[in-house]
Protein chains: 2
Amino acid sequence: MTESEAAAKFTALAHETRLRLFRLLIVNAPHGLPAGKLAEHLAVAPNNLSAHLNVLSHAGLIAMRKAGRSRIYTARMDTIGETISFLVDECCQGHPEACQPAMSALNSSC
Amino acid sequence: MTESEAAAKFTALAHETRLRLFRLLIVNAPHGLPAGKLAEHLAVAPNNLSAHLNVLSHAGLIAMRKAGRSRIYTARMDTIGETISFLVDECCQGHPEACQPAMSALNSSC
DNA sequence: TCTTCATTTCAAAATAAGTTGAAATATCGA
DNA sequence: TCGATATTTCAACTTATTTTGAAATGAAGA
């Protein structure tokens, strides 16, 4: 992953609505939810939500499949994993103790 | 951490210069580097870098200490750990297999 | 104290991102 | 095919972020 691709992923998460959206999709992985349900859940206008879904999609953080007249969005767990790895990539070089706080926070969530 | 605090942290990482800056500080944890060295390393004007350091500081992702006329910045590994946990917080509820890709990416980096 | 060095602050200009309402597309069931 | 439903697209407007150059701060050494 390049720095600019990674920055695009963080940009996608750098908005309260999109962050809530992404976390909602994580909770609903791997099934996903249709755009309409997402808009309802987050209390956002459908056209506004569509723009946000577009940002997350382009960043590769979510995927979409069609089902009838709905479009179902899902979180891409692979991409988020790569993004986190990219961020903390070289955190242990030389000073393993420096990255302990990050690692322990993570192990307790998943 | 609230959604808006988390979004502020992602905003801080959502810029190529700041992302490079933060990763540079991770590689140099826990010592850190002075503002001048950071500007030199990243080939960015000192005043511009100062603005970016300010964004990362306010987000709580980096810390600063003074040493003579330099200001030394360090990555806050505790905050980044909390931020990542917040993001993938409920990823294992119901469907543990969904978060495997993210977890394995992480374990292999640190 | 004067000068230099390291860095920040400020305000203006430039660029980018988000929101809105109206119109378009595309699928479904009658 | 027609009307209803689900969602996206577009363009305008609004708001926020980034960059720039010049000036300010503050510590160190002569």
Side-chain angles (χ1 to χ4, degrees), chain A residues 2-25 28 31-75, chain B residues 2-25 28 31-75:
Chain A
T2 64
E3 255 141 1
S4 117
E5 287 166 346
K9 287 169 176 65
F10 289 116
T11 298
L13 297 170
H15 187 282
E16 205 170 325
T17 300
R18 287 194 300 261
L19 183 56
R20 294 206 295 140
L21 182 44
F22 185 71
R23 286 178 14 112
L24 187 51
L25 289 177
N28 287 278
H31 287 68
L33 289 173
K37 287 278 174 215
L38 292 168
E40 195 183 319
H41 236 284
L42 302 172
V44 168
N47 60 344
N48 186 0
L49 191 85
S50 182
H52 289 310
L53 285 167
N54 200 38
V55 173
L56 285 161
S57 279
H58 274 101
L61 289 171
I62 63 176
M64 186 270 280
R65 68 177 190 277
K66 295 183 181 180
R69 42 189 139 172
S70 296
R71 293 186 189 194
I72 309 210
Y73 288 89
T74 49
Chain B
T2 64
E3 256 142 0
S4 117
E5 288 165 345
K9 287 169 175 66
F10 289 116
T11 298
L13 298 170
H15 186 283
E16 205 170 326
T17 300
R18 287 194 299 263
L19 183 55
R20 294 205 297 141
L21 182 45
F22 185 71
R23 285 177 16 112
L24 187 52
L25 289 177
N28 287 277
H31 287 69
L33 288 174
K37 287 277 174 216
L38 292 168
E40 196 183 317
H41 237 285
L42 301 172
V44 167
N47 62 343
N48 186 359
L49 190 85
S50 183
H52 289 311
L53 285 167
N54 200 38
V55 173
L56 285 162
S57 278
H58 274 102
L61 289 171
I62 63 177
M64 186 269 281
R65 67 177 190 277
K66 295 184 181 180
R69 41 189 143 174
S70 298
R71 292 186 189 194
I72 309 207
Y73 288 89
T74 49

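As the structure is a prediction and not an experimental result, all values here were calculated from the model. Just so we're on the same page: letters track the sequence lines, and every chain starts at 1.
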Inset, instruction - Apply side chain to side chain contact (heavy atoms under 4.5 Å, CB included) to B/L38 and B/L53, showing your working. - result: CA-CA 10 Å; B/L38 292 168; B/L53 285 167; 4.1 Å; yes

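A ring pair (Phe, Tyr, Trp, His ring centres under 6.0 Å) check over residues 50-72 of chain B, counting only residues at least two apart or in different chains, returns the pairs B/H15-B/H52.
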Per-nucleotide protein contact along nucleotides 11-27 of chain D, 5' to 3', at a 4.0 Å heavy-atom cut-off (B base, S sugar-phosphate only, - neither), is -------SSBBB----B

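Under the side chain to side chain contact (heavy atoms under 4.5 Å, CB included) criterion, A/A14 pairs with B/F10, B/T11, B/A14, not counting sequence neighbours. Legend: residues meeting ring-ring contact (aromatic ring centres under 6.0 Å, His included) with B/H41, ordered by chain and number and at least two apart, are absent. Residues satisfying the side chain to side chain contact (heavy atoms under 4.5 Å, CB included) criterion with B/A63, sequence neighbours excluded, are B/T74, B/R76.
Note: CG (A/L56) to P (D/dT8) measures 12 Å, nearest angstrom. In this entry the distance linking CE of A/M64 with C1' of D/dA6 reads 12 Å, nearest Å. To the nearest angstrom, C1' of C/dT9 lies 15 Å from CG of B/L49. Between A/L53 atom CG and D/dT9 atom P the separation is 11 Å, expressed in whole Å.
Listed in residue order, the members of residues 36-43 of chain A having a heavy atom less than 4.0 Å from DNA chain D are A/G36.
Contact annotation: B/Y73 does not reach the phosphate of C/dA6 (side-chain N/O to OP1 or OP2, under 4.0 Å).
Taken from CD in A/E3 to CZ in B/R20, the straight-line distance is 5.5 Å, to the nearest 0.5 Å. From B/L33, atom CG reaches atom CD of B/E40 across 10.5 Å, with rounding to the nearest 0.5 Å.
Between the side chain of A/R18 and the backbone N or O of A/V55, no donor-acceptor pair lies under 3.5 Å.
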